[in-house]
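Data first, discussion second: the structure below is written as structure tokens.
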Amino acid sequence: MVEAVETMDGWYSLHDMRTVDWVSWKMASAEEREEAITSFLNLIEKWEAVEEAKNGSHAMYTVVGQKADLLFMFLRPTMEELNELETEFNKSKMAEFLIPAHSYVSIIELAKYRESKDGVDPETLPEIQARLKPILPKWEHICFYPMNRRRIGDENWYTLEKDVRAKLLYEHSKTGRKYAGKVKQFITGSIGIDDWEWGVTLFAHDALEFKKIVYEMRFDEVSSRYGEFGYFFVGNILKKQAVPAFLHV
Ligand code: 76R
């Protein structure tokens, strides 16, 4: 029987995309807009305090293209905390001017394909714990897309033996490592949780690196034979200080 790989699971993740309702935003009074911006900045400060205390992390980007205007990625220790955060956001004055565009729920995941060294469970290692509960980088650009592993005819990831999958992923990781310092990737697992099997979140200083890495990886067997891809979101960082300017009309 084909053996599943054990996963190490970290923080719960919510990708939350929203579109600004510019018409109602422009129609609102200056006081109302001010109130909304203040509510938004207060929320951001709360998220920053959570991150400071290492109880979660967040990323905030403006989306290029018409799929949304804002992309948030939130990480929290539990599903309940993600839900509370989302509900608090929804109740805020700012949310009155934001239309939900998309969301994706998943969990930070690392697979235990490599055998543990000296009988040490990798999950106990501090460097692994840091990757399972990461503070997201505040790099200039983000790219998010969901993906599946194929399950069609001979191209079935789930009928491959574990050592074969491990080898294919090792080859994949060699391509990935060429982008060290240029692209930072977070793989979140969403089997049983959302519509695709994994979410891929990439951060880069130069958005061109997204095209480079994703293109190069298309030739790795694990992607060319077994990868299926969904939609893509791409964006630019939105710093707290830049929020009033972004919303200025
Ligand atoms: O966890 C590790 O870093 C060890 C090696 C590794 C694994 C197991 C690794 C490295 N990845 C792993 C698993 Mn990856 N990754 C993607 C995408 O567009 C595409 O073709 C694929 C989207 C990118 C861009 C990427 C980048 N990886 C996975 C899995 C889970 C598979 C499973 O369990 O079946 C998916 C879905 C996935 C997809 N990967 C790396 C990268 C990069 C940049 C690395 C090197 C990281 C580093 O060493 O710093």
Side-chain angles (χ1 to χ4, degrees), residues 2-11 13 15 59 73 104-117 120-137 139 141-152 155-235:
V2 175
E3 198 189 333
V5 67
E6 213 185 311
T7 59
M8 298 182 274
D9 301 280
W11 276 343
S13 163
H15 290 76
M73 180 177 178
Y104 203 82
V105 182
S106 51
I107 304 170
I108 293 276
E109 177 186 299
L110 294 171
K112 277 191 199 174
Y113 272 111
R114 265 174 299 163
E115 289 307 313
S116 52
K117 278 185 223 140
V120 178
D121 180 354
E123 206 160 347
T124 61
L125 300 172
E127 61 268 29
I128 296 291
Q129 281 301 316
R131 289 185 61 194
L132 291 172
K133 297 166 185 173
I135 300 303
L136 296 169
W139 289 10
H141 304 283
I142 196 167
C143 170
F144 168 74
Y145 55 101
M147 62 175 292
N148 288 338
R149 290 281 178 232
R150 190 165 292 146
R151 234 178 292 118
I152 304 171
E155 259 125 34
N156 189 334
W157 181 252
Y158 297 90
T159 55
L160 291 181
E161 291 298 336
K162 187 175 158 189
D163 59 339
V164 176
R165 285 179 284 130
K167 188 165 176 293
L168 290 174
L169 281 169
Y170 173 67
E171 294 300 322
H172 155 88
S173 75
K174 283 202 289 192
T175 305
R177 271 195 282 277
K178 289 199 229 162
Y179 291 83
K182 292 185 189 160
V183 176
K184 206 157 171 44
Q185 110 282 18
F186 294 87
I187 301 300
T188 52
S190 46
I191 294 183
I193 293 188
D194 215 320
D195 300 345
W196 293 75
E197 296 178 341
W198 286 274
V200 180
T201 308
L202 309 176
F203 294 89
H205 299 298
D206 179 352
L208 182 59
E209 297 297 340
F210 296 141
K211 183 169 171 290
K212 300 262 185 218
I213 191 172
V214 176
Y215 176 70
E216 191 174 352
M217 283 190 170
R218 288 292 153 103
F219 295 90
D220 288 337
E221 201 178 341
V222 73
S223 294
S224 64
R225 293 191 68 188
Y226 302 103
E228 287 177 352
F229 301 90
Y231 45 83
F232 287 69
F233 280 89
V234 68

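In this chain, residues are counted from 1 in sequence order. Counting starts at 1 for both ligands and their atoms, in listed order.
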Any side-chain to backbone donor/acceptor pair from [X] onto [Y]? Under 3.5 Å, distance only.
{"X": "Asp220", "Y": "Val222", "value": "no"}
{"X": "Arg150", "Y": "Asn156", "value": "no"}
{"X": "Tyr179", "Y": "Lys212", "value": "yes"}

Taking every heavy atom of Leu160 against every heavy atom of Arg165, the minimum-distance pair comes out as O-NE, 3.1 Å

Counting each atom of ligand 1 from 1 as listed, which ones have a heavy atom of [X] under 4.0 Å away?
{"X": "Arg177", "answer": "45 (C), 47 (C), 48 (O)"}
{"X": "Trp157", "answer": "34 (O)"}
{"X": "Ile213", "answer": "43 (C)"}
{"X": "Leu110", "answer": "1 (O)"}

Looking at Phe229, is Arg218 sitting on its ring face, NZ or CZ under 6.0 Å from the six-membered ring centre and within 45 degrees of the normal?
yes

Of the side chain and backbone of [X], name the one, both, or neither that has a heavy atom under 4.0 Å from an atom of ligand 1.
{"X": "Met147", "answer": "side chain"}
{"X": "Tyr145", "answer": "side chain"}
{"X": "Arg149", "answer": "side chain"}

Everything protein-side that's N, O or S and under 2.8 Å from atom 14 (Mn) of ligand 1: list it, residue and atom.
His172 NE2

Quick test: of every protein heavy atom, which one is nearest to atom 4 (C) of ligand 1, and how far off is it to 0.1 Å?
Arg114 NH2, 4.3 Å

Looking at atom 26 (C) of ligand 1, what's its closest protein heavy atom, distance included?
Met217 CE, 3.4 Å

Just wondering, more than 12 heavy atoms not from [X] lying within 6.0 Å of its [atom1]?
{"X": "Glu6", "atom1": "CD", "answer": "no"}
{"X": "Tyr215", "atom1": "OH", "answer": "no"}
{"X": "Lys211", "atom1": "NZ", "answer": "no"}

Taking ring-ring contact (aromatic ring centres under 6.0 Å, His included) as the test, write out the residues that go with Phe210, two or more places apart.
none

Checking heavy-atom distances from atom 30 (C) of ligand 1 to each of Trp196, Tyr179, Trp198, Tyr113, the winner is Trp198

For residues 192-202, dump all side-chain donor-acceptor pairs below 3.5 Å to protein atoms at least two apart in sequence or in another chain.
unit_1	atom_1	unit_2	atom_2	d
Asp194	OD2	Val105	N	2.8
Glu197	OE1	Arg149	N	2.8
Glu197	OE1	Tyr158	OH	2.7
Glu197	OE2	Arg151	NH2	2.5
Glu197	OE2	Tyr158	OH	3.3
Trp198	NE1	Glu109	OE2	2.9
Thr201	OG1	His15	NE2	2.8

Are Lys112 and Asp121 close enough for a salt bridge, meaning some N to O gap below 4.0 Å?
yes

Is it the case that ligand 1 has an N or O less than 3.5 angstrom from some N or O of Arg131?
yes

Say whether Ser223, considering both its backbone and side-chain N or O atoms, lies within less than 3.5 Å of an N or O atom on ligand 1.
yes

So is Phe229 in contact with ligand 1, going by heavy-atom distances below 4.0 Å?
yes

Which residues pass the side-chain hydrogen bond (donor to acceptor under 3.5 Å, both in side chains) test with Thr188, not counting sequence neighbours?
Ser106

